[in-house]
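Beneath this line is the structure, given in structure tokens, with notes to follow.
All heavy atoms count here, side chains included; hydrogens, waters and symmetry mates do not. A note on names: the letters A, B, ... follow the listed sequences, proteins ahead of strands, and every chain is numbered from 1. Just so it is clear, the model here is predicted, and its values are computed rather than measured.
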Protein chains: 2
Amino acid sequence: MRRLASLLPILDWAPRYTRTDGVNDLFAAVIVTIMLVPQSLAYAMLAGLPPVVGLYASILPLVAYALFGTSRTLAVGPVAVVSLMTAAAVAPIAVAGSAAYVTAAVTLAFLSGLVLLAMAVLRLGFLANFLSHPVISGFITASGILIAASQLKHILGIRAEGDTLPRILVELAQGLGGANLPTLAIGVAATGFLFWARRSLKALLLRAGLGRRLADLLAKAGPLAAIILSILAVVLMGLDRAGVRIVGEIPAGLPPFAVPSFDPALWVALLPAAVLISLVGFVESVSVAQTLAAKRRQRIVANQELVGLGTANLASAISGGYPVTGGFARSVVNFDAGAATPLAGAATALGILGATLFLTPLFRYLPQAVLAATIIVAVLSLVDLAAIRRTWTYSRADFAAMAATILLVLLVGVEAGIVAGVALSLLLFLWRTSTPHMAIVGQVPGTEHFRNVDRHAVITEPAILSLRVDESLYFANARYLEDRIYAEAAARPALQHVILMCPAVNLIDASALESLEAIADRLQAAGVGFHLSEVKGPVMDALKRSDFFEHFKGRVFLSQFEAVQALVREPRPKAPGPAADR
Amino acid sequence: MRRLASLLPILDWAPRYTRTDGVNDLFAAVIVTIMLVPQSLAYAMLAGLPPVVGLYASILPLVAYALFGTSRTLAVGPVAVVSLMTAAAVAPIAVAGSAAYVTAAVTLAFLSGLVLLAMAVLRLGFLANFLSHPVISGFITASGILIAASQLKHILGIRAEGDTLPRILVELAQGLGGANLPTLAIGVAATGFLFWARRSLKALLLRAGLGRRLADLLAKAGPLAAIILSILAVVLMGLDRAGVRIVGEIPAGLPPFAVPSFDPALWVALLPAAVLISLVGFVESVSVAQTLAAKRRQRIVANQELVGLGTANLASAISGGYPVTGGFARSVVNFDAGAATPLAGAATALGILGATLFLTPLFRYLPQAVLAATIIVAVLSLVDLAAIRRTWTYSRADFAAMAATILLVLLVGVEAGIVAGVALSLLLFLWRTSTPHMAIVGQVPGTEHFRNVDRHAVITEPAILSLRVDESLYFANARYLEDRIYAEAAARPALQHVILMCPAVNLIDASALESLEAIADRLQAAGVGFHLSEVKGPVMDALKRSDFFEHFKGRVFLSQFEAVQALVREPRPKAPGPAADR
């Protein structure tokens, strides 16, 4: 039963569901629905898909996550970054707007679901930890800038194809003369209104005496208001005949039962993108879920989240949707609106289903510029320039990974950016550990402590070199260790013993083991003893498993103090004992 | 002058050159020439190139390395593994034996030279450290097996195209019936003779009373003897008309002045292979050079070795050769024969030049089976099965990287193998450090030491949790640290302080910094103080550079003892002081 409950978190909260929970969930669902309808249409457009696909992706996935996810308040659905990644993955494979394009996006959701479930089975949730904070932060900031720039064409009412920042800017500059003025007017008005609604509307409504809940509801309805007003404007003024591009016919009805493609060539082509989308979506989603869970002292189980998101993506695929994940803004809204259980998500799904069944004919005259405005306002809140400065101040290595991510996302594309960022952060970590900090240490007078000779006034013995290495020993730094010890030994003609002090060595891998053997052999050939001190328990256990001690002629001391005490006397010949004569 | 000498190591040894050095160098050159001529022909065949290309690659490159390399005894030229990698890189681009194939190989040498020189300029010699010992060892063993298997077709006198072990074995099994018996006889005889010569000939000659030097010379001439005898057999018995495949016409004369292709598409296609060949060649070469230098207390400068090998490859490219590097067997032979300076290498180059000018007509009737036998005997000495067992015993993670390398080299190809091995060893290292060892510690009675509560009888305070983390804190383990601390804190209702003891923390990156801030915030919200102890100097310096201490409410203690002493009293309200009343 416990095991079942961990697979189906609903069994945990459903039995204790109260009437208050129900009211809270319902209210949150209404707000999130109002927010999600325009976003779903907009993000589908960003992904190069018909807008209705965004609605499809906001129904079944929410139900699936409500059943299998561990967050009480996470709101899944189409999100900006994943939509951009979907466009980047599918665009080289099929023509935007074609049936093949939709099939590829559906297949991408299916593959992404399989990847997430495979990660859950193999317990690979930890892989998400390899995306460092600076890389994620840089990736999201750059994606936000790229997405906002890519939407400006809709505001200007021009056609453009660029998918990198320089090309987008060039196309915008070239197309500026051909801008459609009614489109521009609607776009600018909508963008301005949405920024204002996001920033000031709630405070205004509160000041006007509205209750907190109603003010919240109305403020979140900003995008919906923009949509309704712009549709009215188009219909009443016939703006579509004046060149304002509209969404056009949207099929009403239940989400279709879709079948992903099983073409092996398509799978191979989409798999790398599916892996990246899964990782990025997982990281984004888990970060949001953990932040919110921490506020209410709830727990997120990373591996179960993989199941929740995996089934959500499979659900999206079989109902004609595209890759989904937990979104930041909508989850915060859901949380703030008081959502108590995943039932809020299920209720939201019903709300979107209602919109899909009954409201789609209304969206026909919705200007694309208004959807673009929705996207721009949403993604610019993702841009975090302060984080760039903060990272620069703290660590140049972290900044390098972040800068590489940002530049490559803007100049080459999202996939290149994230891959380069991850690769660079891994390489930089290895590079940092490949030249470990090593200190020659001496005894602090009157104590058993040994400290760096460069930082403290300590006692050293000319015949003994005490070297502390402040890093695990492994292939990337094994040769450096050898070189350093040879160099130190060569500079000390009176040397009789080298003691490697290992309190910070958490691991010695096979490469480093060979280096230690080489060091011992070479120092022995030069008449110098080689010893270890303060080797940690687990490291010692591993050494004992190998044949290291069959060759090792040196000694292993529990403490550096003990080592120096023992060795300082060792080379001296023992004084002949006169005791017997007396 | 010093700077010039470090760029041109010849300035270091030439002024002190003696007559004895000259005799030693000349003797070594004769032996290495005798060994290198058949090997050069054979490895060129292994690379899918006309045999004479192997000779070209053994002239100018040796001179270039003698000028720029730092090893006194390294012998560069075509080697087995690099030849195999050349074949793997060029075969998909051009038909074996065609002029385009030779041009591609020449271009590969040129690119490899540029990559090595670029690494020298950017001081990227440390990149070679990312190839761990188990991966290199597994790679060389698997390459040896693959190469030996690939040469069996020449011994059987059948045609085969397979380049993976399963395909090679299937083709050999299918072709067994069509084996050419005279070829088989020559091949088996040559292989047997070469194994015997390598293992027993020198001892036999010494027992027969020959001097050490002469015995050495004759033993190393085994391959040359096999070549001469087999040529005689072919000519005298007309075996080429009986189906024994021979080397055929070899153009005599100076190496041609060759120009690599500057076709950008070819460069792009060859660049990944050039990088891999450079790295593998560099690692192999530096390992050999360092082993030999250590025996004579000489020094190898890794970055200058990049220059030496880079110019050697450029020299190979402009003289119609293919990628070269320092070879293990021939360098040992050079060393054992008494080579004193790089002049031995230059003299070897003259020897090979002589062979190219005057002996090539003789090689016309050389059976390919004998070259194959030369290769098989040479590469099987690279196979080190004991290393596999040793690695298995010491570390499953290292073994996994090694096994992946071996299996992929055999089943997919050399490039896939080395890339997978490197990637896996990096990932495994990250995985090991992503779940760091953490210990709850307590005070050893009567001392200031704190040890693991699970391993020692120590004193703990219920209000204080002392947690020692035995790893640098960075993105891959930041979340693990958070989870662990939250879990420990949740299990201790009486907890008032958490002290994170950091003596083994050598680095805190930006991701871990954010986690520490999150931990501090969250514990504070739960009424628990969060403190650090024994933070290392460099780590503390980095923390001070950030804004960490602007938010951090806890304290940082120099020692864990101090921390517990201070905190154990802190939560208790101070007893009202009655001193004034008295």
For chain A, the option from B:A302, B:A476, B:S137 that forms the most heavy-atom pairs under 4.5 Å: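 Maximum pair count with chain A is reached by B:A476.
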Residue from B:M402, B:H437, B:K536, B:R390 scoring the most non-hydrogen pairs under 4.5 Å with chain A is B:K536
Taking side chain as everything from C-beta outward and backbone as N, CA, C, O, which of these in [X] sits under 4.5 Å from a heavy atom of chain B? Side chain, backbone, both or neither.
X	answer
A:D547	side chain
A:S434	side chain
A:K544	neither
A:L507	side chain
A:P436	neither
A:N452	neither

For [X], is it the side chain, the backbone, both or neither that has a heavy atom under 4.5 Å from a heavy atom of chain A?
X	answer
B:S425	both
B:V286	side chain
B:R545	both
B:D541	side chain

Does atom [atom1] ([X]) have a neighbourhood of more than 12 heavy atoms from anything else shown, all under 6.0 Å?
X	atom1	answer
A:R396	CZ	yes
A:R389	CZ	no
B:R492	CZ	yes

Output, in order, the C-alpha distance, side-chain angles, deciding distance and verdict of side chain to side chain contact (heavy atoms under 4.5 Å, CB included) for B:L430 and A:L426. CA-CA 8 Å; B:L430 292 168; A:L426 295 183; 3.0 Å; yes
Please identify, among A:A478, A:P538, A:S546, A:S132, the residue contributing the most non-hydrogen atom pairs under 4.5 Å to chain B. A:S132
Is [Y] close to [X] at the side-chain level, that is, under 4.5 Å between some pair of heavy atoms?
X	Y	result
B:F475	A:I136	no
A:E471	B:S472	yes
B:L513	A:Y394	yes

Rounded at 0.5 Å granularity, tell me how far OG in B:S511 sits from CG in A:D398. 6.0 Å
Between A:A504 and B:P503, the two heavy atoms sitting closest are CB-O, 4.4 Å
Tell me if a side-chain donor or acceptor on B:D470 pairs with a main-chain N or O of A:N506 at a distance below 3.5 Å.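 A pair under 3.5 Å: no.
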